Structures are given as C-alpha cells and as structure tokens.
Amino acid sequence: HSPSFTSLFMQLRTLSIAFLSITVLIAGCTHKVQDAQHPQFGKEAWVGVAALSGVNNASVNGAATGHFFADGTFVERVQLNVEPLASTQDYGVWLLGATEADRVFLGFLQNATKDVRHSLTANKKQDLTAFSTVSITIQPQGKSDVPGKEIARGTVKGIQK
C-alpha cells in the first residue's frame, strides 16, 4: 500500500515545521546580544524601571525608565496618566535616595495633548543609579526648592549591564 499524496504532504509539512523550529531555537541560543548603544551617549551601562502608582488615587499610573551611559549621562523618561493641574501648579519629578535630603529634581511633566498624558525626558551629567524611588509631586508653578505633595511614586528596579 503506497502513501497518499495528502499523507506525504502532511509528513513533509511536519518535518518542515520541526526543522524551522530547531533552526530558530539554535539561532536564539547562539546569537550574542549586542550591548545597547546610544548614538550620542555611547554604551548603556545601567537601566532602571519603575511602575508609577497613585499615592491616594488608583487611577494615577505610569512608568519611569532611567538609563546611565558610559559617557556619564543619565537619561530619565517618565510617562504619567493624571488629570491636568490648574495653571498655577506643575507636576514635579524627583529621584529619591536613602534620606529625605538625598533627592534630585529632574524637571516638570509636560502635557502637550492637554489630556491625562504627561511626560518628561530629563538628561543629567550625573550618575543617578543609586536613587531607588521616583516621586511625582504637585509644585507651585516653576518652583522646585522642596518636594510638594506627592501624588505618585514607584520603586526603581535597576539592572547593571
């Protein structure tokens, strides 16, 4: 009894899928992932991520991602979903360390879309990888002497590269 065309086709298809799967698996195991490179700042030495949650309002949420590069540049990107403020106030972004005095002001969130989407990209020539908390506060417009009322925060999970 000779195999039918359909049976041969199914066997060939099964072998092809198996061969493709093994090829992808071998390629994935042997491929060396290259270090991340920024065209301006060079090799990425550290990356940290924080999920941001509202302190008193569960609808406030977002994320912060920090990158430290070999040339000594620290870049923090923050995205936060929160209601816009009155024109006399700003949302300030802070990195906090072990003590209350151990803090760095990164800047004010921008709201280009005039809805809940706020963002900030801050560049500093400073190693800020030791700061373990991202804090968002309500600040009097343009003032960043001390943190105001905190509305969101997140703990940084860092990865040394």
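Only this structure's heavy atoms are used, side chains among them; waters, hydrogens and symmetry mates stay out. What you are looking at is a predicted structure, and each value in this text was computed from that prediction instead of being measured.
- Taking the side chain as every heavy atom from C-beta outward, Val156 and Val49 never approach each other to under 4.5 Å.
- No donor-acceptor pair under 3.5 Å is formed between the side chain of Gln89 and the backbone N or O of Gln139.
- No donor-acceptor pair closer than 3.5 Å links the side chain of Asp102 to the backbone N or O of Glu100.
- Side chains of Ile151 and Asn57 form no contact here, defined as non-hydrogen atoms less than 4.5 Å apart.
- Taking all atoms of both residues into account, the shortest heavy-atom contact from Glu150 to Thr137 is CA-CG2, 3.9 Å.
- Side-chain contact between Thr73 and Lys124 is absent, with no heavy atoms from C-beta onward closer than 4.5 Å.
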Could you walk me through whether Arg153 and Val134 pass the side-chain contact (heavy atoms from CB on, under 4.5 Å) check?
-> CA-CA 6 Å; Arg153 90 171 8 224; Val134 177; over 6 Å; no
Could you walk me through whether Val104 and Phe131 pass the side-chain contact (heavy atoms from CB on, under 4.5 Å) test, one step at a time?
-> CA-CA 9 Å; Val104 174; Phe131 289 83; 3.5 Å; yes
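- For Arg117, the CZ atom sits in a loose shell: 12 or fewer heavy atoms of surrounding residues, nucleotides or ligands are nearer than 6.0 Å.
- Counting only heavy atoms from C-beta outward, the side chains of Phe74 and Gln126 never approach each other to under 4.5 Å.
- A donor-acceptor pair is defined here as one N or O able to donate and one able to accept, closer than 3.5 Å; no such pair exists between the side chain of Gln40 and the backbone of His38.
- Annotation: side chain of Pro147 is in contact with side chain of Arg103 (closest heavy-atom distance under 4.5 Å).
- The two residues Val78 and Leu109 come nearest to each other via the heavy atoms CG1-CD2, 4.0 Å.
- The existence of a salt bridge linking Lys125 and Asp71 is confirmed by a sub-4.0 Å separation between a basic side-chain nitrogen and an acidic carboxylate oxygen.
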Stepwise, does the side-chain contact (heavy atoms from CB on, under 4.5 Å) test hold for Val116 with Glu83?
-> CA-CA 5 Å; Val116 298; Glu83 290 298 322; 3.4 Å; yes
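- A donor-acceptor contact shorter than 3.5 Å is absent between the side chain of Glu76 and the backbone of Ala64.
- The shortest non-hydrogen separation linking Ala122 to Leu106 is CB-O, 3.5 Å.
- Taking the centre of each ring, Tyr91 and His118 come in below the 6.0 Å mark.
- Using a 4.5 Å heavy-atom threshold, the side chains of Phe41 and Val75 count as touching.
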Derivation of the side-chain contact (heavy atoms from CB on, under 4.5 Å) call for Ile138 and Leu85 = CA-CA 9 Å; Ile138 297 176; Leu85 287 169; 4.1 Å; yes
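- Closest heavy-atom contact between Phe108 and Ser144: CZ-CB, 4.3 Å.
- Here the side chain of Asp127 pairs a donor or acceptor atom with the backbone of Thr129 at under 3.5 angstrom.
- Contact detail for Leu52 and Gly154: the closest heavy-atom pair is CD2-N, 3.7 Å.
- For the pair Leu128/Trp46, no side-chain contact is recorded, criterion being any heavy-atom separation below 4.5 Å from C-beta on.
- To the nearest 0.5 Å, the span separating OG on Ser119 from CG on Leu80 amounts to 10.0 Å.
- Smallest separation of non-hydrogen atoms from Asp90 and Gly142: OD2-N, 2.9 Å.
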